[in-house]
Amino acid sequence: MRWSQLFIPTLRDVPADAEVISHKLLLRAGYIRQLGAGIYSLLPLARRSLLKIENIIREEMDAAGGQEFYLPALNPDDVWKASGRWDVMGANMFRIKDRAGRDLCLGMTHEEVFTSIAKDGLRSYRDLPQIWYQIQLKFRDEPRPKSGLLRVRQFTMKDSYSFDIDKAGLDRSFDLHDQVYRKIFDRCGLKYTAVQAVSGSMGGSESQEFMVQSDAGEDWVVNCHKCGYAANLERADSKLDPVEDPEGDLKPAEVHTPGQKTIEEVTAYLNTVPENLIKSLVYIVESKAWLLLLRGDHQLCEMKLAGAVGSENLRPATDLEIRDLFGADPGSLGPLGVSNLSILADNSLQGRRNMVCGANRNDYHLENVTPGRDFTAEFTDLREIQAGESCIKCGSSLEIFKTIEIGHIFKLGTKYSQSMGATVLDHNGKEIPVVMGSYGIGVDRILASAVELYNDENGMILPRSIAPFEAVITLIRPDNPAHMEFAEKLYLELRNRGIDTILDDREERPGVKFKDAELIGIPVRITVGKKLDEGSVEIFTRADKKMEVIPAEKCLEETIRLLENYADKINGL
RNA sequence: CGGGGCAUGGCGCAGUCCGGUAGCGCGCCUGCUUUGGGAGCAGGAUGUCGGGGGUUCGAAUCCCUCUGCCCCGACCA
């Protein structure tokens with residue numbers, strides 16, 4: 001490939017719309033252009049990189065026994081109605097009508113279509129297990145697309161689906177995907193964390209996400225350095241230090257607290273600590289009100305609430321609704337005497353005594369309230385944990401960081417096979433629903449994550465395996481026939497050795513060529529210039545910015561050697 | 001969906017308050033010089049000023065309206 005003939009539209013100025021690093025660099029380096037909100041055109045550089053990522057995925061999926069499919073993005077409504085997700089997906093699903101007025105949608109994921117194939121095609125336990133996958137476009141009408149390729153409305157996903165006869169088989173398929181995903185992300189040069197996750201609208205019993213640490217991400221991950229416990233904040237748990245409650249078998253007593261509404265105000269006014277307060281929140285779930293109780297210093301985790309009440313259709317109650325329900329305003333609420341709504345209490349309130357809560361009467365609170373005795377509630381995990389709390393497994397201090405989700409694997413069970421009638425005959429000739437798993441990788445997010453992880457003031461520093469080119473021969477004087485002849489020969493030799501090389505033969509000044517090569521993140525640059533007249537060339541490695549001058553005849557082997565060791569340099573970043 | 005911001009040549013911006021028919025940097029084209037870290041000189045091209053409507057002798061600028069994009073929040077597989 002000659003640079004002079006390629007379309008690599010690099011920019012000097014950063015487009016004003018770009019906020020996160022990967023977005024800025026992908027635009028500046030000529031990888032992508034925006035067509036609309038959350039819709040991007042992939043230019044040749046991005047295409048090269050993404051094809052390399054896809055091929056890594058393909059190789060590893062095939063090696064694990066996966067079979068590649070290619071399913072339609074355009075889906076008739078019936079399969080989605082059969083699974084019940086035509087309604088569940090709501091406004092996130094792109095819906096269209098055909099000329100006859102029939103409902104269709106653009107696929108957000110492909111459990112339904114794969115299950116419909118399994119329904120007809122898989123008949124007996126003898127056909128199992130199966131692992132089916134595809135690398136294909138997904139369409140999701142995101143409420144808020146953002147951050148370049150990180151959150152878009154059309155993207156490439158590798159999705160795979162496992163079909164097993166029983167739970168043990170599903171466990172094997174799930175573990176297999178866990179291993180395969182680690183190989184894929186390792187080969188792509190990413191640093192990632194596998195975390196326990198919430199299944200959400202996908203359904204199923206257990207799920208695990210693969211996360212790349214980055215402030216450009218949107219998910220928070222809780223991680224224990226010592227024992228390796230890691231979970232999405234939406235489901236993470238921690239060990240709490242015991243709280244010293246006031247001694248004695250005291251009776252609830254009303255206390256006048258004029259104008260004291262917040263936890264801080266009440267704590268100060270009553271000369272106590274937030275740990276001794278019961279925080280009362282009111283939520284409306286599916287139009288039904290719930291009273292939620294937490295320790296004064298804790299925050300509610302809405303995803304945990306959603307899990308506890310079995311619905312994601314929830315919101316905080318309005319002040320007006322609260323007044324109707326309690327006859328008091330927020331800031332004076334509590335569980336005593338509440339009979340008209342369900343009460344959920346966080347586990348941290350279990351076994352406590354002599355606490356403080358609102359009296360359901362403005363400007364009054366209750367002291368000496370003991371959960372379980374003075375009110376009843378269902379105890380469950382509701383609180384969002386905080387950095388520095390103790391690891392649930394080993395007790396070490398937990399860290400919390402922001403991440404990009406690049407993969408998510410689910411144990412679905414029989415949710416889809418049951419609703420869609422995908423059954424097989426077991427050993428006894430009995431018809432049973434096939435046990436499924438579902439596994440996704442965000443292909444474009446791998447590229448964006450790599451850019452987020454590895455960059456400097458000069459641009460991207462891409463891992464060799466996913467860089468659009470592995471090496472660039474920068475010809476300082478393309479008008480010098482001897483230099484050109486050497487460069488072309490070297491180019492062919494590198495190509496013959498399997499090195500994906502580009503020859504920068506443009507009539508540009510050297511500085512422009514250096515800047516461009518660094519911006520687009522090519523691992524190794526061979527500079528052919530005036531030193532060639534003394535028989536030497538220069539080799540530069542992008543990751544560590546090391547420059548060496550070597551005899552021209554050693555250039556081929558040195559390039560290969562540097563590329564072989566390049567992964568270590570990326571890891572050092 | 002709520003809040004905030006933006007829309008002027010390929011990219012970055014000024015001009016808008018206070019109306020007079022569009023400018024700067026980069027990029028692009030031509031020529032000459034230059035050639036190891038985003039060159040210099042000279043010349044040149046490129047604009048429905050997001051769309052529609054209105055006010056006015058005259059609108060990038062004032063008024064109304066629509067659309068698009070970005071950010072925060074809500075939401076999210």
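Predicted model only: the values in this text are computed from it and were never measured. Chain letters run A, B, ... following the sequence lines, proteins first and then strands; every chain starts at 1.
- Residue pairs meeting the side-chain hydrogen bond (donor to acceptor under 3.5 Å, both in side chains) criterion with at least one member in residues 9-19 of chain A, sequence neighbours excluded: A/T10-A/D516.
- For the side chain to side chain contact (heavy atoms under 4.5 Å, CB included) test, residues two or more places apart in sequence or in another chain that qualify with A/S419 are A/S83.
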5' to 3', nucleotides 68-74 of chain B under a 4.0 Å protein heavy-atom cut-off (B base, S sugar-phosphate only, - none) gives -SSBBBB
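- With B/rG12, B/rU35, B/rG38 as the candidates, the nucleotide lying closest to the side chain of A/D13 is B/rG12.
- Residue pairs meeting the salt bridge (Lys or Arg N to Asp or Glu O under 4.0 Å) criterion with at least one partner in residues 154-164 of chain A, sequence neighbours excluded, are A/K138-A/D159.
- Residues satisfying the side chain to side chain contact (heavy atoms under 4.5 Å, CB included) criterion with A/D381, sequence neighbours excluded, are A/D237, A/K304, A/D346, A/N347, A/R383.
- Closest to the side chain of A/M547, out of B/rC76, B/rG38, B/rG37, is B/rG37.
- Residue A/E142 places its side chain closer to B/rC76 than to any other of B/rG38, B/rC76, B/rU35.
- With both ends at atom P, the span from B/rU48 to B/rA22 equals 13 Å, rounded to whole Å.
- If you check distances only, the side chain of A/E508 never reaches the base of B/rG38 with a donor-acceptor pair under 3.5 Å.
- Within the nucleic acid shown, A/R28 comes within 4.0 Å of at least one base atom, counting heavy atoms only.
- Within the structure, side-chain hydrogen bond (donor to acceptor under 3.5 Å, both in side chains) contacts touching residues 24-40 of chain A (residues at least two apart or in different chains) are A/H23-A/Y40.
- Using a cutoff of 4.0 Å between basic side-chain nitrogens and carboxylate oxygens, A/D171 and A/K167 are scored as salt-bridged.
- Using a 4.0 Å heavy-atom criterion, one finds that A/M108 contacts the bases of the nucleic acid, with or without backbone contacts as well.
- With sequence neighbours left out, the side chain to side chain contact (heavy atoms under 4.5 Å, CB included) criterion links A/S214 to A/A216, A/I404, A/E452.
- With sequence neighbours excluded, the residues that form a side chain to side chain contact (heavy atoms under 4.5 Å, CB included) with A/N458 are A/D456, A/K515, A/E518, A/R542, A/K545.
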Table of protein N/O atoms under 3.5 Å from nucleotides 31-34 of chain B N/O atoms:
{"residue": "B/rU34", "atom": "O2", "partner": "A/R509", "partner atom": "NH1", "Å": "2.7"}

